[in-house]
Chemist: 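One structure is given below, represented as structure tokens, and several questions about it will come after.
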Protein chains: 2
Amino acid sequence: MSSSHLMNGFEGVSTAPQYCLICCEVADGHHFGAPACRACAAFFRRTVQLNKNHECPKNNQCFILSNVRNMCRACRYDKCIDVGMKRSAVQQRRDQLGKRDEIRSTSECFSRRGEPVLDTMKRAYEKLLVVRKSVHNRVENQPPRPICFSELQQVYLKEMTVVYQFLCEAFPEYYEFLPDTKRSLFKNFFLPFTLLESSFNGHSTNKQDVMLIPSGDYIDLEHLESYFTNNHDKFSQEKTISMFAQQFQLLRTCITHPLHAENVDTYEFLALAAIILWESDLEADLDRQNAQEEAIQMRNAIIRDLLFYYQSMNIYDDVALRLGTILSILPSIQRASYRFHEYMEIKNLLNLYALPQNLFDMFSPVS
Amino acid sequence: MSSSHLMNGFEGVSTAPQYCLICCEVADGHHFGAPACRACAAFFRRTVQLNKNHECPKNNQCFILSNVRNMCRACRYDKCIDVGMKRSAVQQRRDQLGKRDEIRSTSECFSRRGEPVLDTMKRAYEKLLVVRKSVHNRVENQPPRPICFSELQQVYLKEMTVVYQFLCEAFPEYYEFLPDTKRSLFKNFFLPFTLLESSFNGHSTNKQDVMLIPSGDYIDLEHLESYFTNNHDKFSQEKTISMFAQQFQLLRTCITHPLHAENVDTYEFLALAAIILWESDLEADLDRQNAQEEAIQMRNAIIRDLLFYYQSMNIYDDVALRLGTILSILPSIQRASYRFHEYMEIKNLLNLYALPQNLFDMFSPVS
DNA sequence: CCGAAAGGGTCAAAGGTCGG
DNA sequence: CCCGACCTTTGACCCTTTCG
């Protein structure tokens, strides 16, 4: 609306020919929202269509005029935007069907720098599993047993360090960040990862209704009596169980069942965990802004790796469909994680199966 | 405004298929025997008049939708025919008068079952946009203005009904559920959808730091003074803003920025919204168990549609990669939604910019 | 005779092509 | 490779015809 007003005003002043607001040549009507010559219009269209990112070799203040309009692409483009050209006015490319198909076969091979991200992660995860055995004093072939709240708490106090180490090994990018950024990422990661991993390990031992925790023991979701053992002043055991049964039911419906329904494998589990880590929403300071950039790169790399994995497996007719199915479990995990945290908050408020502050803190997302 | 009025507003619009059966845009009446938009009508007329013979470079199964309707002329023409357009209705000369009578009936019986899920949704969304104009008393070309909290509240009270209608139209499956199940799904959907849509609309008007709300007005994230206008006993305006600036900052980092960074388009936005709806974790009772099943089917259908869309666009070297990139925005949305809700709870506790109970309730996920 | 619906035509502004 | 002259299509806008 406003631009047409401007234009009316403009026309009112000079009924004579209009001039290209970018290079001052005689204009050829409006293009993408501004009076422009064909050349500048075409330049703008190409820049947008092909998603070019020009860089100015100087100070972003190059002089643009018809005879020198090609001296600096970045500044020419900037001027296009300044005079009111709209990227959104550039349309989808037409008639492009088929033309890319020949190209596609060649681009099938993924260009990746070094080793796949998920492979590094997988190695770090293998190591994590070994480390855990000693950290949690696990004897070889010790059979899993149901665990109670206070034991679980001990496990996760140790896990904080273990998981942090794991992240540093799995993602050199993570290791490089400033402590504050690392901490933020960690806090966003720890709880959903914990829930996802326990559910996954339960699932992968074919026991759907069990959370297999990092120490090797488990929480039996069907029989929470053994979890809520402590006698507590305020509430009876039954009461406690009925109060918090939902908390664990939640994990079943949001995490365990989807994992089971899609028969998620380890590599997929790692990919999900990795995306949760790199689904960062940081950018408060400079380091976090870098993290934000990095996070996007990482997520893309993860997806690429996962696709490559699917292609190599060669068991899915449509790898993209599988990818979509797996990724659409993500919101469930996130949701379960948030709700689970709410229950933890309630428990803390009631001082009922409360966590020590440092542990609770690590389970709490940043905000 | 009473809810019956809202219904009337909705029903008033819904007479006959109002959408172009070729590209799903709002239709402009019948053309050549089928409901169609002007563009598709003109395209069909030219094709027949000039006796063009288009050829499909692919397999004659290209995806046609408003923004990619020009990707393949052959398939667009084929869809015109499929949808019931008659070559004979195109006049070669003005003096030859077509007989319209026999044509009219054929178009009515066009079956949209088996149609892509996202197409039905897209049509319902187009309708939603129209409905909103009347529901929110929008005059044509009314310029958007910054809105304050109390106005926003009014808007969302109306939106409850409007969005519910939208869901029923977009997903016949949803409509079939029991009220309780519908309610659960709705409550899980409403807040993230609201945040996603406002951000998306801000993004698609190239204003990154603005939430464009359904009424057409906006919240200026850079200048919250106009949002928090009410004088309040407990806290000064500055204090309030500083308290809740984070709440909106959150939306920027978690939703607006990712949408912007990936340049998400309308179809992708709808797909994200659809997955959020169908990312259900219900199964308390029998109907909900059905819903759970249905939800998995729906998510797969959505992903399939999205992939087909990407393939038809033919602008991505790797459609699966694009799919992954877009889907990995989901946890951010979910996270933002949960945190946003926490802020809402705080406000309610403080009775500071609190929502009426029924509205707050609809913004609260089930647990 | 009027107004709505559904034809037709026009042209600014999109898009694509292809030597330079 | 990019540029831009040159040509094709698109679709918003407006006019025309028919019909109840």
Side-chain angles (χ1 to χ4, degrees), chain A residues 3-4 7 11 18 20 22-23 25-54 64 66-74 76-77 80 84-100, chain B residues 15-16 18 20 22-23 25-50 52 54 57 64 66-74 76-77 80 84-104 107 314-315:
Chain A
S3 75
S4 71
M7 284 348 295
E11 278 170 8
Q18 291 203 328
C20 172
I22 295 102
C23 74
E25 265 201 356
V26 178
D28 174 59
H30 280 219
H31 293 279
F32 309 103
C37 68
R38 291 158 178 274
C40 289
F43 167 80
F44 185 73
R45 170 156 41 88
R46 274 193 299 268
T47 305
V48 175
Q49 274 182 342
L50 303 177
N51 208 18
K52 300 271 181 196
N53 264 320
H54 307 306
I64 307 292
S66 56
N67 53 341
V68 285
R69 64 160 88 95
N70 286 322
M71 293 306 284
C72 173
R73 294 191 184 89
R76 189 181 186 184
Y77 171 76
C80 287
M85 283 194 171
K86 297 272 173 285
R87 285 180 67 90
S88 57
V90 177
Q91 304 173 351
Q92 291 288 345
R93 308 185 64 193
R94 299 173 182 173
D95 304 328
Q96 292 300 302
L97 289 179
K99 299 199 174 176
R100 265 168 183 265
Chain B
T15 44
Q18 263 211 305
C20 174
I22 295 102
C23 74
E25 265 205 355
V26 180
D28 173 58
H30 281 224
H31 292 280
F32 310 104
C37 67
R38 293 157 177 274
C40 289
F43 169 80
F44 186 73
R45 172 159 43 87
R46 276 193 301 268
T47 304
V48 175
Q49 278 179 339
L50 304 177
K52 301 259 183 195
H54 307 305
I64 306 292
S66 52
N67 59 340
V68 284
R69 62 159 90 96
N70 289 318
M71 292 307 285
C72 175
R73 296 189 184 84
R76 188 181 186 186
Y77 172 77
C80 288
M85 283 193 172
K86 297 275 175 280
R87 286 182 66 91
S88 59
V90 177
Q91 305 164 354
Q92 287 299 337
R93 290 197 186 158
R94 296 306 307 235
D95 43 283
Q96 279 178 319
L97 304 175
K99 25 205 158 151
R100 289 183 224 163
D101 309 319
E102 24 121 17
I103 300 165
R104 203 162 285 169
S107 62
N314 208 45
I315 61 169

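Proteins get letters first, then strands, A, B, ... in listed order; numbering begins at 1 in each. This structure is a prediction, so every number in the text was calculated from the model and none was measured.
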Chemist: Round to the nearest Å and state the distance from A:H54 atom NE2 to D:dC3 atom P.
Modeler: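 Interatomic distance, NE2 of A:H54 to P of D:dC3: 7 Å.
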Chemist: Find the distance A:D28:CG to C:dC11:P and express it as a whole number of Å.
Modeler: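 The distance from CG of A:D28 to P of C:dC11 comes to 15 Å, rounded to the nearest Å.
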Chemist: Please enumerate all residues that pass side-chain contact (heavy atoms from CB on, under 4.5 Å) together with A:Q49, with sequence neighbours excluded.
Modeler: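 In terms of side-chain contact (heavy atoms from CB on, under 4.5 Å), with neighbours along the sequence ignored, A:Q49 is linked to A:R45, A:V90, A:R93.
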Chemist: How many angstroms lie between atom SG of B:C80 and atom CZ of B:R87, to the nearest 0.5 angstrom?
Modeler: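 The distance works out to 11.0 Å.
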Chemist: Please name the pair of heavy atoms, one in A:C20 and one in A:A27, separated by the smallest distance, quoted to 0.1 Å.
Modeler: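 Heavy atoms of A:C20 and A:A27 come nearest at N-CB, 3.6 Å.
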Chemist: Could you state the CD1-P distance from A:I22 to D:dG4, rounded to the nearest angstrom?
Modeler: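 Result: 12 Å.
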Chemist: What pairs with A:R73 under side-chain hydrogen bond (donor to acceptor under 3.5 Å, both in side chains), at least two apart in sequence or on another chain?
Modeler: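 A:R73 satisfies side-chain hydrogen bond (donor to acceptor under 3.5 Å, both in side chains) with no other residue.
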Chemist: Output the distance between atom CZ (A:F43) and atom NE2 (A:H54), rounded to the nearest 0.5 Å.
Modeler: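 These two atoms lie 4.0 Å from each other.
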Chemist: What does the 5'-to-3' dot-bracket notation of DNA chain C look like when only Watson-Crick and G-U wobble pairs under 3.5 Å count, and pairs to other strands show as |?
Modeler: .|||||||||||||||||||
Chemist: Rounded to whole Å, please give me the gap between CD1 in B:I64 and P in D:dT10.
Modeler: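 To the nearest whole Å, that distance equals 11 Å.
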Chemist: Would you indicate, yes or no, if C:dA5 has its OP1 or OP2 atom less than 4.0 angstrom from a side-chain nitrogen or oxygen of B:H30?
Modeler: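 For C:dA5, neither OP1 nor OP2 has a side-chain N or O of B:H30 closer than 4.0 Å.
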Chemist: Expressed in angstrom and rounded to an integer, what is the separation of B:K52 atom NZ from D:dT10 atom C1'?
Modeler: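 Computing the B:K52:NZ to D:dT10:C1' distance gives 12 Å.
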Chemist: For a quick test of reading the model: is some side-chain N or O of A:Q49 closer than 4.0 Å to OP1 or OP2 of C:dG16?
Modeler: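 Checking A:Q49 against C:dG16: at least one side-chain N or O falls below 4.0 Å of OP1 or OP2.
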Chemist: What is the separation between atom CZ on A:F44 and atom C1' on C:dA14, rounded to the nearest whole Å?
Modeler: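 Nearest whole value for this atom pair: 13 Å.
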Chemist: Filter on salt bridge (Lys or Arg N to Asp or Glu O under 4.0 Å), then keep only pairs touching residues 25-40 of chain A, sequence neighbours left out; what's left?
Modeler: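 Non-adjacent pairs meeting salt bridge (Lys or Arg N to Asp or Glu O under 4.0 Å): A:E25-A:R69, A:D28-A:R38.
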Chemist: What's the closest nucleotide to the side chain of A:R73 if the choices are D:dC2, C:dA14, C:dA6?
Modeler: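 The nucleotide sitting nearest to the side chain is D:dC2.
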Chemist: Among all residues two or more places apart in sequence or in another chain, which pass the ring pair (Phe, Tyr, Trp, His ring centres under 6.0 Å) test with B:F44?
Modeler: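 Once residues adjacent in sequence are excluded, the partners of B:F44 under the ring pair (Phe, Tyr, Trp, His ring centres under 6.0 Å) criterion are B:F32, B:Y77.
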Chemist: Could you check how far CE of B:M85 sits from C1' of C:dA6, rounded to whole Å?
Modeler: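 Result: 11 Å.
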Chemist: So do the side chains of B:M85 and B:I22 get within less than 4.5 Å of each other, counting heavy atoms only?
Modeler: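 Yes, their side chains come closer than 4.5 Å.
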Chemist: Quick check: do B:R76 and B:T47 have side-chain heavy atoms less than 4.5 Å from each other?
Modeler: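 In short, these two side chains do not touch, never coming nearer than 4.5 Å.
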Chemist: For A:L50 and D:dC3, what is the distance between atoms CG and P respectively, to the nearest whole Å?
Modeler: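 Taking atom P of D:dC3 as the reference, CG of A:L50 is at 10 Å.
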Chemist: Distances under 3.5 Å only, N/O to N/O: pair up the protein atoms with those of nucleotides 11-13 of chain D.
Modeler:
residue : atom : partner : partner atom : Å
D:dG11  : OP1  : B:R69   : NH1          : 2.7
D:dG11  : OP1  : B:N70   : ND2          : 3.2
D:dG11  : OP2  : B:R76   : NH1          : 3.2
D:dG11  : OP2  : B:R76   : NH2          : 3.1
D:dG11  : N7   : B:R46   : NH1          : 2.7

